[in-house]
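Before any comments, here is the structure.
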Amino acid sequence: MTTPRPETLAKLTPVLTKRWLSPDAWRIGTYEKLDGYAALRKAFKAHPDDLIQLIKDSGLRGRGGAGFPTGLKWGFIPQGDGKPHYLVVNADEGEPGTCKDLPLMTHDPHSLVEGVIIASYAIRANRAYIYIRGEAVHAARRLRNAVNEAYAKGYLGRNILGSGFDLDLVVHSGAGAYICGEETALLDSLEGFRGQPRLRPPFPATHGLYASPTVVNNVGTIASVPYIVLGGADWWKSMGTEKSSGPMIYSLSGRVVNPGQYECGLGITLRELIELAGGMQPGHSLKFWTPGGSSTPLLTAEHLDVPLDFEEVAAAGSILGTTATQIFSDQDCPVYATYRWLEFYHHESCGKCTPCREGNYWMVRVYRRILAGQGTHEDLDTLLDTCDNILGRSFCGLGDGATSSVTSSLKYFKQDYLDYIEGRTAPRLSDKQLVGAH
Ligand SMILES: Cc1cc2nc3c(=O)[nH]c(=O)nc-3n(C[C@H](O)[C@H](O)[C@H](O)COP(=O)(O)O)c2cc1C
Ligand code: SF4
């Protein structure tokens, strides 16, 4: 284990994570003692439009993967249209490797509840939903408890804190489908339908939940709002980079000594994050990693010094995504890792469109053949050709994301594929595993 140098330790910026280690951090009493609900009182003194402007000025970008500017999204909600408006928090967190929203809701659920109330006030929504994945039972319990506490203290319900503003907040557990994290599939699921993406346009800003204007935001996005209201846009922008402002929770998993959540200004590098996490596990050296979950193209040891913000990661040929850095070493196989991810995408494909439904089905089979020592050189062309037919031709981002590790692992680690095909690496799968469960 390596001890982080003081200058690297100084890069930690605990903002959203600052209460996580306080005793009973999830209880309203603790939250109130540690500045909780002070931002709400301040927000009620401002006009809703000024709050939207504040979020625009802060440069806050969505923490759910795409990095869309949050203030801009809120500004799309038509005002004075006479329709109900909704805020929907996306707490599905299904992307493999991603682990930032669940710990936030488990340790500090009131920061999300407070963010929901302020955001709803800003977009003039009187009903909000938190859609949490079904398996996240513990986080959902904490969240429901926090919502009950907030009602009991008058932070939710009618005429909140005498402001004249009403809000009801519902915590809804999904049934556990990755596609229900896609915002329009989530809305269908919330309405009681099978979760499948909707055709866009129209966009949720005008035709979202129950065909009404709706903002869908990630947990981390909404939980950032109280801090921005209290600290101001300039303070928020003092962290991160010019175009990617603020702190971000990076979740590190895999071959590091201390995997976990590290909150730092956007733009920290993987080299620094690994140092914060105590270094690589003894006997392991970095071979490949994902900057933002398994839907983002793999990077390698060459990319250790790429600033992890939206722009620089894109310039390096990948996507910042959910800042879920999964770290693999020279003892891990990129072909096998890609196969396991593809199994996931194949299983989670909703089946609505042909490129994703069929393409992932067949790619899984090609991988099994390669890993069973029965692959051919043509299989590599078939994989690239299949990806070409999925990427940009699928109905939603799940199809595109499935191709990321295939094309990037072939770009950086073709030799690992050839070693299976040409017999230098022993098969990882048996003949029996060639035809699998799905
Ligand atoms: C297949 C798929 C799964 C997704 N899963 C999630 C998720 O679990 N949580 C999330 O916040 N966004 C997820 N997204 C992104 C959402 O569609 C949407 O962009 C996001 O919730 C918007 O919030 P933000 O602007 O605050 O980032 C997913 C997208 C796709 C295509
Ligand atoms: S890309 Fe996949 S998950 Fe998305 S709509 Fe098509 S089949 Fe469904």
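Predicted model only: the values in this text are computed from it and were never measured. When a ligand or atom number is given, it counts from 1 through the structure's own listing order.
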- Message: For a quick check under 3.5 Å, do Gln261 and Thr17 share a side-chain donor-acceptor pair by atom type?
- Response: no
- Indicate, as side chain, backbone, both or neither, the part of Glu93 found under 4.0 angstrom from ligand 1 when only non-hydrogen atoms are considered. backbone
- Message: Check for me whether the distance between the ring centres of His110 and Tyr37 falls short of 6.0 Å.
- Response: yes
- Item | Residue and atom name of the nearest protein heavy atom (relative to atom 8 (Fe) of ligand 2), distance in Å to one decimal | Cys350 SG, 2.4 Å
- Query: Any idea which atoms of ligand 1 are less than 4.0 Å away from a heavy-atom of Asn90?
  - Reply: 6 (C), 7 (C), 8 (O), 9 (N), 10 (C), 11 (O), 12 (N), 13 (C), 16 (C), 21 (O)
- Query: Got Leu371 and Tyr420 here, is their nearest side-chain heavy-atom distance under 4.5 Å?
  - Reply: yes
- Message: What I want to check is whether the side chains of Tyr345 and Ser294 have a donor and an acceptor closer together than 3.5 Å.
- Response: yes
- Item | Presence of N, O or S from Cys356 under 2.8 Å of atom 2 (Fe) of ligand 2 | yes
- Looking only at heavy atoms of Glu348, does any of them come nearer than 4.0 Å to an atom of ligand 1? no
- Closest approach of any protein heavy atom to atom 29 (C) of ligand 1, naming residue and atom: Glu182 CA, 3.8 Å
- Under 4.0 Å from one or more heavy atoms of Gly397, ligand 1 contributes atoms 31 (C)
- Task: Report the nearest protein non-hydrogen atom to atom 16 (C) of ligand 1: residue, atom name, distance rounded to 0.1 Å.
- Result: Gly181 O, 3.5 Å
- Message: Students should be able to answer this: which protein heavy-atom is nearest to atom 27 (O) of ligand 1, and at what distance?
- Response: Gly64 N, 2.8 Å
- Query: Which atoms of ligand 2 sit under 4.0 Å from any heavy atom of Ile179?
  - Reply: 3 (S)
- Item | Atoms in ligand 1 flagged as close to Thr221, the criterion being non-hydrogen separation under 4.0 Å | 24 (P), 26 (O)
- Query: In ligand 2, which numbered atoms sit nearer than 4.0 Å to a non-hydrogen atom of Ser394?
  - Reply: 1 (S)
- Under 4.0 Å from one or more heavy atoms of Val216, ligand 1 contributes atoms 22 (C), 23 (O)
- Item | Any N/O pair Glu183/ligand 1 closer than 3.5 Å | yes
- Item | Val229 side chain near Ile118 side chain, heavy-atom distance below 4.5 Å | yes
- Task: Would you check if the distance from the ring center of His172 to the ring center of Tyr129 is below 6.0 Å?
- Result: no
- Item | Part of Pro197 within contact of ligand 2 (heavy atoms, under 4.0 Å) | side chain
- Message: Taking Arg127 first and then Asp166, would you say they form a salt bridge - that is, a charged N and a carboxylate O separated by under 4.0 Å?
- Response: no
- Task: Would you mind reporting whether Val113 and Leu156 have side-chain heavy atoms less than 4.5 Å apart?
- Result: yes
- Please work out whether any backbone atom (N, CA, C, O) or any side-chain heavy atom from C-beta onward of Asn217 is under 4.0 Å from ligand 1, and answer side chain, backbone, both or neither. both
- Task: Could you check whether the rings of Phe328 and Phe288 sit parallel, tilted or perpendicular, using 30° and 60° as the cut-offs?
- Result: parallel
- Decide, yes or no, whether a salt bridge links Glu378 with Arg369 under the criterion of side-chain N to carboxylate O below 4.0 Å. no
- Can we say Asp49 and Arg124 salt-bridge, meaning some charged N sits less than 4.0 Å from an Asp/Glu carboxylate O? yes
- Shortest protein contact, atom 23 (O) of ligand 1 (heavy atom only): Asn218 N, 3.2 Å
- Query: Numbering the atoms of ligand 1 from 1, which are under 4.0 Å from a heavy atom of Lys73?
  - Reply: 22 (C), 23 (O), 24 (P), 25 (O)
- Message: At less than 4.0 angstrom from any non-hydrogen atom of Leu398, what atoms of ligand 2 do you find?
- Response: 3 (S)
- Is atom 4 (Fe) of ligand 2 under 2.8 Å from any N, O or S atom of Cys396? yes
- Message: I'd like to know if Arg255 and Asp332 make a salt bridge, using a cut-off of under 4.0 Å between side-chain N and carboxylate O.
- Response: yes
- Task: Could you list which atoms of ligand 2 come closer than 4.0 Å to a heavy atom of Ser349?
- Result: 2 (Fe), 7 (S)
- Note on the structure: For Arg63, the ligand 1 atoms with a heavy-atom partner under 4.0 Å come out as 26 (O), 27 (O)
- If you measure from each non-hydrogen atom of Glu95 to ligand 1, which part falls under 4.0 Å: side chain, backbone, both or neither? neither
- Does Glu343 use its side chain to pair, donor to acceptor, with the backbone of Val364 at less than 3.5 Å? no
- Task: Give a yes/no verdict on whether any heavy atom in Gly94 is under 4.0 Å from an atom of ligand 1.
- Result: yes
- Message: I need the atoms of ligand 2 closer than 4.0 Å to a non-hydrogen atom of Gly351, numbered in the order shown.
- Response: 7 (S), 8 (Fe)
- Task: Write out the residue and atom name of the closest protein heavy atom to atom 6 (Fe) of ligand 2, then the distance separating them to 0.1 Å.
- Result: Cys353 SG, 2.2 Å
- Which atoms of ligand 1 have any heavy atom of Gly62 under 4.0 Å away? 24 (P), 25 (O), 26 (O), 27 (O)
- Query: So Tyr121 and Phe44, would you call those rings parallel, tilted or perpendicular, with 30° and 60° as cut-offs?
  - Reply: perpendicular
- Message: Quick check: do Thr376 and Asp379 have side-chain heavy atoms less than 4.5 Å from each other?
- Response: yes
- Message: Taking ring-ring contact (aromatic ring centres under 6.0 Å, His included) as the criterion, tell me which of Trp362, Tyr367, Tyr361 meets it with His346.
- Response: Tyr361
